[in-house]
Amino acid sequence: MELDVLVVGGGLAGSRAALAIAQKNPQHRIGLMAKTHPIRSHSVAAQGGIAAALQNLDPADNWLAHAYDTIKGSDYLADQDAVELLTRSAPEVIIDLEHLGVLFSRFEDGRIAQRPFGGHTHGRACYAADKTGHAILHELVVNLQRLGVRLFSEWYALELIYEDGEVKGITAFEIESGKIEVFCARSVLLATGGYGRVYRTTSNDFASNGDGLHLATKAGLPLQDMEFVQFHPTGLHPAGVLISEAVRGEGAYLINDLGERFMGHYANSSQRMELSPRDITSRHIEEEILAGRGIGGQNFVYLDVRHLGAEKIRSRIPFAREEGLRFLGIDCIEAPLPVRPTVHYSMGGIPTNTDTQVLDATLNPVPGLFAAGECACVSVHGANRLGANSLLECVVYGRRAGEIIAARLGDRQMPKLNTHTYELRAEQRLQNLLRSQGTRRIADLRQELQETMTQTCGIFRNARSLTQGLNRLQCLHDEYQQNLHLDDRNLTFNMELVQALELRSLLTVAMAIASSALERCESRGAHSRSDFPERDDSQYLRHTLVYVQQNLWRTASRPVNLCLQSLDRDRFSPKERVY
Ligand SMILES: Cc1cc2nc3c(=O)[nH]c(=O)nc-3n(C[C@H](O)[C@H](O)[C@H](O)COP(=O)(O)OP(=O)(O)OC[C@H]3O[C@@H](n4cnc5c(N)ncnc54)[C@H](O)[C@@H]3O)c2cc1C
């Protein structure tokens with residue numbers, strides 16, 4: 001199969017990129033591959049909003065304020081040139097989405113509605129009720145089909161073809177038939193999303209296993225800032241599904257067992273209260289629970305919206321109400337919802353420059369390979385992402401990836417490739433898995449992996465827990481290689497086989513997170529080391545890189561870009577982060 005461009009991932013980032021390429025030149029042969037149907041990508045579950053300084057709610061807002069909030073929220077680890085690009089383009093990409101047909105919620109006067117969000121000093125989250133991702137993704141996919149982009153739905157990408165110093169394509173198999181195919185492409189974009197499934201409790205869907213990160217690692221490429229895993233403060237207890245930040249944006253309270261709004265007790269959150277950034281809010285919930293002030297001494301607190309009144313709850317946050325009713329039979333109009341932090345977002349990922357080109361271990365761009373969205377780390381979120389900034393990143397950098405790929409396609413020849421070698425290799429790999437006759441089941445190993453990560457590399461971690469975690473992960477890795485058991489030996493629609501491949505990705509990602517977390521001896525953003533509770537700019541104001549060399553995990557680092565693109569003298573220098 002020969003294509004000009006292959007996009008792997010049908011979420012917001014992949015779809016926006018494919019659309020940009022097709023808009024630029026409908027003659028290009030563009031393929032969009034996803035292991036789910038594109039509109040079942042996790043983006044569809046995004047609820048609360050997408051940030052942009054549109055000034056509809058707050059005329060005092062502007063891109064620079066948005067940039068400052070993002071950089072401060074990142075605990076100064078974001079690359080400031082990348083943040084400028086993000087926040088400056090934001091208003092325009094929102095208007096662009098609306099022209100594509102996205103139905104945003106509106107104010108009475110017809111302008112796009114906006115609301116406050118954690119860590120943002122101005123109300124700038126645009127939304128479609130609390131189904132924002134759904135509204136955007138559906139419109140993008142409809143447009144892709146209109147422009148003739150070829151969809152390869154329910155195809156699983158197995159290997160990145162990286163030889164002679166360039167990326168030449170992807171090996172993949174069709175889940176329905178088991179057919180293996182080598183996709184030869186002049187450019188490949190990875191947009192495979194996050195990896196929340198590495199942990200026991202997560203808001204992410206079943207497909208979020210970090211496959212793209214695994215593909216990059218296998219090709220010898222580094223991952224960046226993997227220690228920064230975002231815990232969203234309000235996962236519905238015990239399922240872990242997300243109660244959107246929009247609920248706190250609309251004015252919800254967090255309450256402990258003593259009936260107190262406890263965020264007011266902590267110095268770094270007493271001003272913004274429930275609208276403090278996610279890392280801080282999650283830590284304080286965890287601290288309340290550890291101090292025995294969870295509800296009834298248990299491991300959750302309450303999220304209370306009763307004071308908002310039935311009408312506002314029904315119109316502004318209908319989905320959150322529906323979730324309470326569906327999962328717990330609790331109507332939040334009448335009773336508070338039990339919540340606790342849930343793994344939500346991966347700040348780290350495949351390092352790219354602001355042109356979305358993937359960087360190798362020497363920090364040079366890899367010809368033919370691009371990445372965007374949650375699997376990438378262009379670093380706009382640094383050590384902690386602000387709510388509503390991820391959908392924005394997907395749309396801004398997805399579109400940018402598409403535009404850059406389209407503009408540079410002329411420079412790239414169709415690569416020459418011995419497809420047979422790759423087909424054989426994929427075939428052997430799948431057959432080896434199908435023949436696994438050990439004693440450990442996938443679900444069993446996966447659960448142990450998730451428990452290990454939750455216990456040793458959770459909201460708080462330290463050298464002891466991380467070393468224990470890494471040892472345990474190594475054993476699980478060995479068990480996977482030597483002692484896995486699969487029941488289904490068929491190639492057609494074998495979801496057990498897919499899960500075995502996904503477990504491999506989870507193992508890689510878990511090792512990368514724990515290795516990076518051990519390396520960073522400070523606390524910054526979402527990374528809280530109980531043995532190093534302070535931020536240490538003198539040593540760690542740097543991005544962590546982690547990669548595999550001769551079967552060993554190695555770490556390195558690279559500097560953070562502390563200059564805005566346009567205002568290099570008036571940059572935001574690191575200060576203490578207080579809200
Ligand atoms: C419940 C929830 C609510 C959220 N709410 C918000 C919000 O309100 N605002 C905000 O800014 N952010 C929000 N986020 C975060 C945001 O939704 C995600 O970061 C973003 O949508 C990720 O988009 P993506 O395109 O990078 O990846 P995804 O949407 O996750 O898509 C990944 C794609 O890759 C494909 N794929 C993966 N592996 C393979 C493989 N091996 N082979 C082939 N295809 C593969 C999948 O099939 C899928 O199509 C939320 C996240 C969650 C989980």
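Sequential numbering from 1 along the given sequence is applied to the chain's residues. Start at 1 and go down the list; that is how both ligands and their atoms are numbered.
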Item checked: G11 backbone acceptor or donor facing S43 side chain under 3.5 Å ->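 Not confirmed, S43 side chain does not pair with G11 backbone.
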
Next item on the list: Determine yes or no for a side-chain-to-main-chain donor-acceptor pair under 3.5 angstrom, with Q47 supplying the side chain and D130 the backbone.
Entry: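 Looks like no, no N/O pair under 3.5 Å.
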
Which of these, [options], has its nearest heavy atom closest to [atom]?
atom                    : options               : answer
atom 26 (O) of ligand 1 : K131, R40, E374, E245 : E374
atom 23 (O) of ligand 1 : G212, G11, S43        : S43
atom 46 (C) of ligand 1 : T36, N209, V498       : T36
atom 9 (N) of ligand 1  : S390, G48, G49        : G49

Can you find an N/O atom of [X] closer than 3.5 Å to an N/O atom of ligand 1?
X    : answer
S203 : no
Y156 : no
G9   : no

Note to self: Could you go through L54 and I94, starting from their C-alpha distance and side-chain angles, then the distance that decides it, and tell me whether this counts as side-chain contact (heavy atoms from CB on, under 4.5 Å)?
What the structure shows: CA-CA 9 Å; L54 278 184; I94 300 292; 4.0 Å; yes

Next item on the list: Decide if atom CZ of F107 counts as having more than 12 heavy atoms of other residues, nucleotides or ligands within a radius under 6.0 Å.
Entry: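 Yes, CZ of F107 has more than 12 neighbouring heavy atoms, counting only those of other groups under 6.0 Å.
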
Where is the nearest protein heavy atom to [atom]: which residue, which atom, and how far?
atom                    : answer
atom 3 (C) of ligand 1  : L242 CD2, 3.3 Å
atom 37 (C) of ligand 1 : T192 O, 3.4 Å
atom 10 (C) of ligand 1 : L391 CG, 3.3 Å
atom 52 (C) of ligand 1 : H42 NE2, 2.6 Å

Could you list the atoms of ligand 1 found under 4.0 angstrom from a heavy atom of [X]?
X    : result
N204 : 53 (C)
A46  : 3 (C), 4 (C), 5 (N), 6 (C), 7 (C), 13 (C), 17 (O)
W155 : 42 (N), 43 (C)

Check: Looking at ligand 1, does R385 have a heavy atom less than 4.0 Å from it?
Finding: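 Heavy atoms of R385 do come under 4.0 Å of ligand 1.
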
Next item on the list: Determine the interplanar angle of the H381 and Y345 rings, folded into 0 to 90°, and report it as parallel if under 30°, tilted if 30 to 60°, perpendicular if over 60°.
Entry: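 Ring orientation, 0 to 90° scale: perpendicular.
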
Next item on the list: Nearest 0.5 Å please: distance from the CZ atom of R446 over to the CG atom of L503.
Entry: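 The CG atom of L503 is 7.0 Å from CZ of R446, to the nearest 0.5 Å.
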
Notebook entry, point to check: Counting only heavy atoms, which portion of L158 has something under 4.0 Å from ligand 1: side chain, backbone, both, or neither?
Noted result: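 Near ligand 1, L158 shows nothing, with every heavy atom at 4.0 Å or more.
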
Check: Ion pair present between R340 and E286, side-chain N to carboxylate O less than 4.0 angstrom?
Finding: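 A salt bridge is present here (some side-chain N lies under 4.0 Å from a carboxylate O).
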
